[in-house]
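Just below is one structure, and these are the notes that go with it.
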Amino acid sequence: QVELVESGGGLVQAGGSLRLSCAASGRTFSSHAMGWFRQAPGKEREFVGAISWSGGSTKYADFVKGRFTISRDNAKNTVYLQMNSLKPEDTAVYCCARSKLAVGSTIVWEYDYWGQGTQVTVSS
């Protein structure tokens, strides 16, 4: 069983920054890509970004390119999402997820374990 626990969300003004963390249990963390998704009220879950098992490859949704950065520390079983230049439209619950694959995917059903999420609210 794999458990993912996010932290680091909160309330921030537009233009500010937050760093989300996702701590994973289980010994297979370093074998899997990890992804971040978000869901705003009344909207479907959407892909934010993903990082390969080694951290050597990342991919991002167009709306966060240049503002968000994903990284991971396999020794700590943790993946991070650094969010800069936040906008009110970034307000959502952010969840991390473990990919079934070694490389990141934008597709929800290619992820098998999900965290509960952490709320990010950006005020204007």
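Residues: numbered from 1 along the sequence shown. Not measured: the values here are computed from a predicted model.
- What you find for Ala24 and Leu4 is that their closest heavy atoms are CB-CD2, 3.4 Å.
- With hydrogens and angles ignored, the 3.5 Å screen pairs no side-chain donor or acceptor of Ser99 with any backbone N or O of Ala33.
- Inter-residue side-chain proximity for Val122 and Gln13 is flagged as unmet; no heavy-atom pair is nearer than 4.5 Å.
- When hydrophobic clusters are built by joining Ile, Leu, Val, Met, Phe, Trp and Tyr residues whose side-chain heavy atoms come closer than 4.5 Å, directly or via intermediates, Val48 is grouped together with Tyr113.
- Asp73 and Thr78 form no side-chain donor-acceptor contact under 3.5 Å, judged by distance and modelled atom types alone.
- Pairing each heavy atom of Ser85 with each of Ser17, the nearest pair is N-OG, 4.3 Å.
- Other residues, nucleotides and ligands contribute more than 12 heavy atoms inside 6.0 Å of the NZ atom of Lys100.
- Proximity of His32 to Leu101: side-chain heavy atoms (C-beta onward) are nowhere separated by under 4.5 Å.
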Give the intermediate values and the outcome of side chain to side chain contact (heavy atoms under 4.5 Å, CB included) for residues Arg38 and Val93.
CA-CA 5 Å; Arg38 72 185 188 184; Val93 174; over 6 Å; no
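- Remark: Arg67 CZ to Gln82 CD distance equals 12.0 Å, nearest 0.5 Å.
- Because its NZ or CZ atom is not both nearer than 6.0 Å to the ring centre of Tyr80 and within 45° of the ring axis, Arg72 does not count as a cation-pi partner of that residue.
- The CZ atom of Phe68 sits 6.0 Å away from atom CG of Leu81, with the distance rounded to the nearest 0.5 Å.
- Under the 3.5 Å distance criterion, with hydrogens and angles disregarded, no donor-acceptor pair is assigned to the side chains of Glu3 and Ser25.
- Neither Ile70 nor Trp53 shares a network with the other; the hydrophobic side chains, linked directly or stepwise wherever heavy atoms of I, L, V, M, F, W or Y lie under 4.5 Å apart, form separate groups for each.
- Residues Trp36 and Ile51 form no side-chain contact, since every pair of their non-hydrogen atoms from C-beta on lies 4.5 Å or further apart.
- Contact between Gly115 and Cys95 at its shortest, heavy atoms only, is O-SG, 3.9 Å.
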I would like to know whether Lys59 and Thr106 meet side chain to side chain contact (heavy atoms under 4.5 Å, CB included); could you show each step before the answer?
CA-CA 8 Å; Lys59 60 177 66 175; Thr106 64; 4.0 Å; yes
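- Pairing each heavy atom of Gly104 with each of Ala50, the nearest pair is CA-CB, 3.7 Å.
- Note on Leu86: it clusters hydrophobically with Phe63, by side-chain heavy-atom contacts below 4.5 Å among ILVMFWY residues.
- Hydrophobic clustering (ILVMFWY, side-chain heavy atoms < 4.5 Å, transitive): Val2 and Val79 are in one cluster.
- Between Met34 and Phe29 there is a side-chain heavy-atom pair separated by less than 4.5 Å.
- Not a single donor-acceptor pair under 3.5 Å links the side chain of Thr91 to the backbone N or O of Thr121.
- Using a 4.5 Å cut-off between side-chain heavy atoms of Ile, Leu, Val, Met, Phe, Trp and Tyr, with links allowed through other members, Val103 and Phe47 fall into different hydrophobic clusters.
- Ion pairing between Asp90 and Lys87 fails under the 4.0 Å rule for side-chain N and carboxylate O.
- Aromatic ring centres of Phe37 and Tyr111: separated by under 6.0 Å.
- For the pair Gln39 and Tyr94, the minimum side-chain heavy-atom distance is 4.5 Å or more.
- Contact check for Val108 versus Trp114: side-chain heavy atoms found under the 4.5 Å cut-off.
- We find the CZ-OG1 distance between Arg19 and Thr69 to be 11.0 Å, quoted to the nearest 0.5 Å.
- Under a cut-off of 6.0 angstrom, the local environment of CD in Gln116 is sparse, with at most 12 non-hydrogen atoms contributed by other residues, nucleotides or ligands.
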